[in-house]
Every structure is written in structure tokens, then in C-alpha cells.
**Q** 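There's a structure below that I have some questions on.
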Protein chains: 2
Amino acid sequence: MSKEKVKATEDVILDAAMKVFTRRGFAGARMEEVAKEAGINRALLHYYFRDKETMFNLIFETRFNEFFSGIARILSSDLPLFEKIRQVINHEIDTLTKHPDIPRFVIMEVASQPERLIQYGQKMGFNPRQMLTNFTQQVEIAIESKEIIPIDSRQLLMNVMSTCIYPFVAKPIIKTMMQMDENSFTSMMEKRKKDLYDFIVKAITP
Amino acid sequence: MSKEKVKATEDVILDAAMKVFTRRGFAGARMEEVAKEAGINRALLHYYFRDKETMFNLIFETRFNEFFSGIARILSSDLPLFEKIRQVINHEIDTLTKHPDIPRFVIMEVASQPERLIQYGQKMGFNPRQMLTNFTQQVEIAIESKEIIPIDSRQLLMNVMSTCIYPFVAKPIIKTMMQMDENSFTSMMEKRKKDLYDFIVKAITP
DNA sequence: GACACTTTTAACAATTTTGTTAAACAATTA
DNA sequence: TAATTGTTTAACAAAATTGTTAAAAGTGTC
């Protein structure tokens, strides 16, 4: 069998595993469901990947990276503060519109095993503990120069992240409460990029 | 054995189940862990409660109610807009400081079975779909009277809820990233009541 | 203390889920 | 085409988890 075919099968399995693990979490995921989703036999999963945990680690690493790497890059860049905030908002809403289940998945699994955060952070080459130092300093400088009003930089960052990410974490609840279908949710998020940026800028501008 | 003792045992079990289910979710929870946490034997769980699902439903109902009832009451009250926002913030931060795992639990379980939202909402006597109508109208009136700037009421509500709830949902991540222990997290949230209110008011005041 | 009653446990049974293996099958190549 | 290698499956085995039961232990009452 050709290399391409092997790769294809591996990818089919990984895609299926991604869906199932992200949907159900590690504890709720069933190897049977992964196999079914991939259109193959359960034994084949074990042929390509040792066991459930091995598969899960691959998936988690990917999702963890998707969740953190973009934001880490932007936060530690040397963009001006307001532009940085705009880019964080746009980046989060864009990627989470494509992969809305990522934050719920990552948060859930980190909550059930917090040590993963440090562990995978190191693996991915960024230290979650230091992601914020650049941003914090930048906020303090902007305060001193009266570019923005005095504000606790941690609170500001929490506001930015919360308003971007929470709507996707709570998407099933929000969709129901606000009587939105998939399309209206997406278009609302698209609109949100601007609305949210304006909201935050107005809140911190002197 | 006395009625009090029975009640006590039931409560011990429910408390234990609450902890374990909230920590692990339905799929991740083990009856053995519940029994251990309660300091009893697994068979006894089945003596007091039929099975895992029955126990889970009791827990879920309680947590679901804790998550929604307070906020529903405040949102549909006839308080002035700003006061309503302040109360939402204070209520959320206070109750979630006491029970920080509630939103992660409820959100996770609703995500894995969205029909629960309508189902339990009806059971608890409030319609998640109508929780927002009062607030929405109030915002529109406030815009017309120039009390606040023009803003999409859904976006505003999403901002308020996100900034209150997300820090608790992502608590393990935030604590690590911001290098906080339990105490500093709590005191930060206490401070957040005021900071967040000011932030939001400034964002919407003309 | 004998009786009726509830609570608790240990041992067992059933079910669900995961992991293994041996053999069939397919593709590649010498 | 036969040998080699890698792929797939069905059947099986093991482990983990849940649920049941019969009997022991405790409690209150007469």
C-alpha cells in the first residue's frame, strides 16, 4: 500500500478523533465512535496509534497549540496597544468561528489535569506564565502617557479574552437564549469584531 | 435509625456527588469516587439513589438552577439599567466565587446534550429564550433617551456575561498565566466587581 | 431481649469499554 | 508469480465500571 494511502488513513483517523474528542472530551469519547466516524474498525485505531491516551495526546497537543500560539504571538509582538487589541479580537473571533469547540475542549481538559498547561506550554515553546509580561508593560506605559485611563492590566486582558472566547464556550446556551441558528450566530460574531473593539476602546480611552 | 441520620447520609452522598460530578462531568465521574468522597460503600449509592443517571440529574438540576435562576431574576426585574448591570456583576462574581465550577459543569453538559437547556429551563419555571426580552427593551429605551450610546443589546449582554463568567470557566488557565494562588484570585475577583462595572459603564455612557 | 425495621456491607453478576491476536487480504517488488 | 511487507478484520481477552443481592449489623420499640 502506498505512502499516500497510509497518510490518508492516518489523517482520516486523526480527523475523526479530533471531532469525537473535541465533542465529548477524553472521558466521554468512545473508541467505537472514533472508528465509526472514520469509517473503519476499532482494531485499526490501535494499529495506527497505540491506545486511546496516545491518540488523545496528539489531539490535545494540536488543539492546545491552536488555542494558545496565535494569541501568544500577538500578545508578545511589538504592535501598538490599540492595534494589538484589534488583532487579538480579530484573530480569536476568526479562528474560533472556524473551530468553535476548541476552547471548551482545552479548558475542560486543563481543568481536569492542570499540570498539562505547563507541560504542553513548554513542549510548544511558550511559557504561559510569561505570555502577559509584554502586554502588561505596554498597558502601564500607555497609562503613564495618558493614552488610556488608569486600569489594572490584568483586568483589561481578562475583559478582552473573556469577551472574545466566552461566546464560543457558551455557544449552545447563547444560541438558544438569543434564538439564533448557526448562520445568525456566525454573522453576529463577524459583526462583533468591530462592536467589541469599539466597546473596549471606548472603555479605556481618556 | 433516625430521620435525621437518613437525611444526613443522603446529604453526605449528594454533597460528594456534587463535588465529583462537577469536577469530572458525567462521563468522567466514577461512582467509586463519589462513594469514597462520601466515605461509604458503592452499593449504598444505589440504595439511596437508583443509579448514576438519577444522581446526575439531581445534581444537574441544582447546578443548572444556581447558574440561571439568579441571573434570570435580575435580568427580568424592573431595576434601572445601570443598577441592573451592577447587580448582575455582583451576583455573578459572588456566587461564582463560592461555586467556581458551576459554569464549566453546566456548559459542558449542555454542550453534550443541548436539549437539556429547554427541558430543565421549563422544569425550573423560566424560559431561557425569553430571559432577555426585558433587558433588550430596556437597552433600546436607554438608547433612545440618550442615556447610553447606540449599541446592539445582544452584544452588550454578551459582554457583561462573558466578563463575569469566563474568568471562572478558565480559572485554572488564568491562575497559571497570571501566577495567582487561590487567595489572590479571589481578591482579584472581589476588586473586579468595581473595575468591571466602571469599565462597562464607561463603554456605554455617551 | 425478641421483634420489626432500616442501613450497610461484601460478594457477585452484568455491562461497557478498551486492548490483543491470529489470520485474511492487498500491494509492492525481486 | 512468489515472497515480502504492510493493512484490515473478526474474534477474542482483559480491564474497568456499573448495578444487584443476600445476609450482617445497627436502631428503636415492646
Side-chain angles (χ1 to χ4, degrees), chain A residues 1-63 105 108-109 111-113 116, chain B residues 1-63 105 108-109 111-113 116:
Chain A
M1 198 160 270
S2 70
K3 284 268 163 99
E4 290 74 27
K5 187 92 179 279
V6 173
K7 188 70 173 54
T9 307
E10 276 181 0
D11 283 353
V12 166
I13 293 175
L14 279 180
D15 283 357
M18 186 82 74
K19 278 188 200 162
V20 175
F21 278 117
T22 308
R23 189 161 57 221
R24 309 250 182 246
F26 178 78
R30 294 286 164 264
M31 295 299 266
E32 179 60 38
E33 195 179 350
V34 175
K36 207 173 186 180
E37 181 87 40
I40 57 169
N41 181 302
R42 236 176 55 252
L44 201 53
L45 299 179
H46 295 290
Y47 174 76
Y48 280 100
F49 305 94
R50 183 179 312 285
D51 55 19
K52 189 181 176 183
E53 207 174 305
T54 305
M55 269 184 54
F56 174 81
N57 287 338
L58 281 174
I59 304 299
F60 182 76
E61 188 172 320
T62 308
R63 304 259 98 164
F105 173 71
M108 194 61 197
E109 300 299 334
S112 84
Q113 280 188 34
R116 279 190 184 134
Chain B
M1 196 161 272
S2 70
K3 282 268 163 100
E4 290 74 28
K5 189 89 178 281
V6 174
K7 188 69 173 53
T9 307
E10 275 181 1
D11 282 353
V12 166
I13 294 174
L14 279 181
D15 283 356
M18 186 82 74
K19 279 188 199 162
V20 174
F21 278 117
T22 308
R23 189 160 58 222
R24 309 250 182 246
F26 179 77
R30 294 287 162 263
M31 295 300 266
E32 180 59 39
E33 196 180 350
V34 176
K36 209 174 185 179
E37 181 87 40
I40 55 166
N41 180 300
R42 236 177 51 254
L44 200 53
L45 299 179
H46 295 289
Y47 174 73
Y48 279 99
F49 305 94
R50 182 179 313 284
D51 54 21
K52 191 180 177 184
E53 207 174 303
T54 305
M55 268 184 58
F56 174 81
N57 286 338
L58 280 175
I59 305 299
F60 182 76
E61 188 173 319
T62 307
R63 304 260 98 164
F105 173 70
M108 192 64 196
E109 299 300 334
S112 84
Q113 280 187 35
R116 280 189 184 134

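Every chain is numbered from 1 and lettered A, B, ... according to where its sequence line falls, protein lines coming before strand lines.
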**Q** Using the closest heavy atom to pick a nucleotide of DNA chain D for each, name whichever of A:I40 or B:R42 lands nearer the 5' end.
**A** A:I40
**Q** Shortest non-hydrogen contact from A:A38 to A:V12?
**A** O-CG1, 3.5 Å
**Q** For B:F21 and D:dT17, what is the distance between atoms CZ and C1' respectively, to the nearest whole Å?
**A** 13 Å
**Q** For A:Y48, is there any backbone N or O sitting under 3.5 Å from a side-chain donor or acceptor partner on A:E10?
**A** no
**Q** Between B:D51 (CG) and C:dT16 (P), how many Å, whole number?
**A** 13 Å
**Q** Strictly by modelled atom types, are B:D51 and B:T54 linked by a side-chain donor-acceptor pair under 3.5 Å?
**A** yes
**Q** Touch check for B:N41, heavy atoms < 4.0 angstrom, all strands: base, sugar-phosphate only, or nothing?
**A** base
**Q** Grab the CG-C1' distance between A:L44 and D:dA10 for me, whole Å please.
**A** 13 Å
**Q** Checking side-chain contact (heavy atoms from CB on, under 4.5 Å) between A:R42 and each of A:E33, A:R30, A:K36, A:M31, which is the one that passes?
**A** A:M31
**Q** Classify B:A29 by what it touches in the nucleic acid, base, sugar-phosphate, or nothing, heavy-atom distance under 4.0 Å.
**A** sugar-phosphate
**Q** Measuring to OP1 and OP2 of D:dT8, would you say a side-chain N or O of A:Y48 lies under 4.0 angstrom away?
**A** yes
**Q** If I take atom CD in residue A:E10 and atom C1' in nucleotide D:dT7, what distance separates them, rounded to the nearest angstrom?
**A** 12 Å
**Q** Considering only side-chain heavy atoms of A:M31, which listed nucleotide, D:dT8, D:dG19, C:dG19, is closest?
**A** C:dG19
**Q** Restricting to non-hydrogen atoms, name the atom on A:T62 and the atom on A:L58 that form the minimum distance, rounded to 0.1 Å.
**A** OG1-O, 3.0 Å
**Q** From CZ of A:F26 over to C1' of C:dT18, roughly how many Å is that when rounded to an integer?
**A** 10 Å
**Q** Round to the nearest Å and state the distance from A:H46 atom NE2 to D:dA10 atom P.
**A** 15 Å
**Q** Could you state the atom-to-atom distance from NZ of A:K36 to C1' of C:dT17 in whole Å?
**A** 15 Å
**Q** Please tell me which of the listed nucleotides, C:dG19, D:dG6, C:dA10, lies nearest to the side chain of B:A43?
**A** C:dA10
**Q** To the nearest Å, give me how far apart OH (B:Y47) and P (D:dA22) are.
**A** 15 Å
**Q** On DNA chain C, check which nucleotide each of A:R30 and A:R50 is closest to and give me the residue with the more 5' one.
**A** A:R30
